[in-house]
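Letters A, B, ... are given to chains in the order of the sequence lines, protein chains preceding strands, and every chain is numbered from 1. Source: prediction; values computed, not measured.
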Protein chains: 2
Amino acid sequence: MTIIFSKKCEYGLQACLYLAALNTMEVIPSGEIAKKLKIPKEFISKILQSLTASGLIYSKKGKLGGFSLAKNPNKIKLIDIVTAIDGLELFERCVLGFPNCSPDTPCPVHDKWGELRTKAYQMLTEETLDAFAEKTLRKIKNL
Amino acid sequence: MTIIFSKKCEYGLQACLYLAALNTMEVIPSGEIAKKLKIPKEFISKILQSLTASGLIYSKKGKLGGFSLAKNPNKIKLIDIVTAIDGLELFERCVLGFPNCSPDTPCPVHDKWGELRTKAYQMLTEETLDAFAEKTLRKIKNL
DNA sequence: ATTAAATCGGATATTATAATCTGATTTAAT
DNA sequence: ATTAAATCAGATTATAATATCCGATTTAAT
């Protein structure tokens with residue numbers, strides 16, 4: 001077993017990328033998102049609800065309700081979604097599981113791994129949802 | 001929640017690094033390893049047993065029994081331990097959880113993430129246990 | 001032989017994540 | 001008003017990872 005992001009977070013990222021790719025202001029019901037992404041409706045529904053609470057997603061209740069991004073896709077970074085769902089544990093926790101891993105009391109691989117981790121963090125911080133629109137549509141077509 | 005390696009794997013890496021740092025051919029009982037690393041004895045015991053089955057660790061049964069590395073620390077790569085415990089899922093699975101993520105049908109972040117992943121894999125493949133002996137001893141002293 | 005201390009195998013318990021279910025509430029259209 | 005279709009809140013279930021427990025076996029020393 002090995003995980004980068006929890007399933008919640010994976011699905012959350014998928015859904016946000018999908019909403020960004022649609023490039024519309026209209027809300028999309030969770031059922032349609034689930035169908036397009038081939039993921040469980042109830043589950044993605046819960047995830048979108050929590051992202052709504054975080055302010056990344058806008059939701060409209062009632063008939064003709066659904067979800068949309070709360071802001072322009074070029075204003076939402078990948079790290080925003082990760083932070084909202086999984087938190088920043090990935091970038092703070094020692095990769096070897098040692099307690100108090102820090103520059104003062106580093107674990108054996110602190111430096112080497114830290115470098116990679118920083119790059120991953122930078123990538124997630126630099127990239128916004130709009131950058132992936134085409135690739136997302138192409139991927140979803142092949143699901 | 002976010003994990004790179006499972007706890008099994010973290011502890012397995014810790015234990016192997018510790019055994020390498022001791023720089024001895026004598027076997028060390030799991031109880032002592034657990035005590036030094038401040039991790040559950042029963043758990044690390046099981047993990048070392050499975051690494052014994054994998055051939056990375058040598059075990060001696062009975063009184064005065066215990067565990068040691070099965071080969072010279074400079075012959076054991078970090079990736080060997082990861083592979084034995086967690087497998088290579090981390091380097092094969094789509095980071096966004098999309099199915100069939102490949103150069104043919106890449107996920108939206110396939111290229112950007114793939115680069116980082118390759119570097120992580122290289123690091124784990126290049127580094128052997130002996131390289132971390134001093135750092136390991138220093139870290140364990142502060143546990 | 002007996003004892004002590006260890007690995008080992010298998011079962012069990014605990015905890016966290018993933019997924020589902022149920023019912024309440026909201027809202028648009030008839 | 002009524003109906004239909006959606007979000008939402010909370011409870012429940014299923015599954016996997018983590019951790020512990022127990023007893024059998026092995027081995028060294030007395």
Between [options], spot the one nearest the side chain of [X], thanks.
X	options	value
A:Lys63	C:dA28, C:dA4, C:dT7	C:dA28
A:Pro29	D:dA19, D:dT7, C:dT20	D:dT7
B:Ser6	D:dT18, C:dA19, D:dA9	D:dT18
A:Phe67	D:dC8, C:dA18, D:dA19	D:dC8
A:Lys7	C:dT27, D:dA9, C:dA19	C:dA19

4.5 Å side-chain heavy-atom contact, A:Leu143 and B:Phe98: yes
Using a 4.0 Å cut-off on heavy atoms, which residues in residues 85-93 of chain A reach DNA chain C? List them by number, or say none. none
Does any residue of residues 49-61 of chain A have a heavy atom under 4.0 Å from DNA chain C, and if so, which ones, in number order? A:Lys60, A:Lys61
Between [N] ([atom2]) and [X] ([atom1]): distance, integer Å:
X	N	atom1	atom2	value
B:Lys41	D:dT20	NZ	P	11 Å
B:Ile44	C:dA6	CD1	P	16 Å
A:Leu64	D:dT7	CG	P	11 Å
A:Ile47	C:dT17	CD1	P	13 Å
A:Lys8	C:dT17	NZ	C1'	7 Å
A:Lys46	D:dA9	NZ	C1'	6 Å
B:Glu10	D:dT18	CD	P	8 Å
A:Glu26	D:dA6	CD	P	14 Å

We want to know whether B:Asp86 and B:Ser6 form a side-chain donor-acceptor pair, criterion being a heavy-atom distance below 3.5 angstrom. yes
Distance-only polar pair, side chains of A:Asp130 and A:Thr128, donor-acceptor under 3.5 Å: yes
Does C:dG10 have a Watson-Crick or wobble partner in any strand here, with both distances under 3.5 angstrom, and which is it? D:dC21
Complementary nucleotide of C:dT30, counting Watson-Crick and G-U pairs under 3.5 Å: D:dA1
So what does B:Ser45 hit on the nucleic acid, given a heavy-atom distance under 4.0 Å: a base, only sugar-phosphate, or nothing? nothing
Please confirm whether A:Phe67 and A:Tyr58 have ring centers closer than 6.0 angstrom. no
If you find the nucleotide of DNA chain D closest to B:Glu42 and the one closest to A:Glu42, which residue's nucleotide is nearer the 5' end? A:Glu42
Note: [X]-[Y] ion pair, threshold 4.0 Å (strictly below):
X	Y	value
A:Glu10	B:Arg93	yes
A:Lys135	B:Asp111	yes
A:Glu32	A:Lys36	yes

Go nucleotide by nucleotide along DNA chain C from the 5' end; which of B:Gly62 and A:Gly62 gets its closest nucleotide reached first? B:Gly62
Check for a donor-acceptor pair, side chain of A:Thr136 on one end and backbone N or O of A:Ala21 on the other, with a separation under 3.5 Å. no
Interatomic distance, A:Cys16 atom SG to A:Lys77 atom NZ [nearest 0.5 angstrom]: 15.0 Å
Check this for me: B:Asn74, atom CG, are more than 12 non-hydrogen atoms of other residues, nucleotides or ligands nearer than 6.0 Å? yes
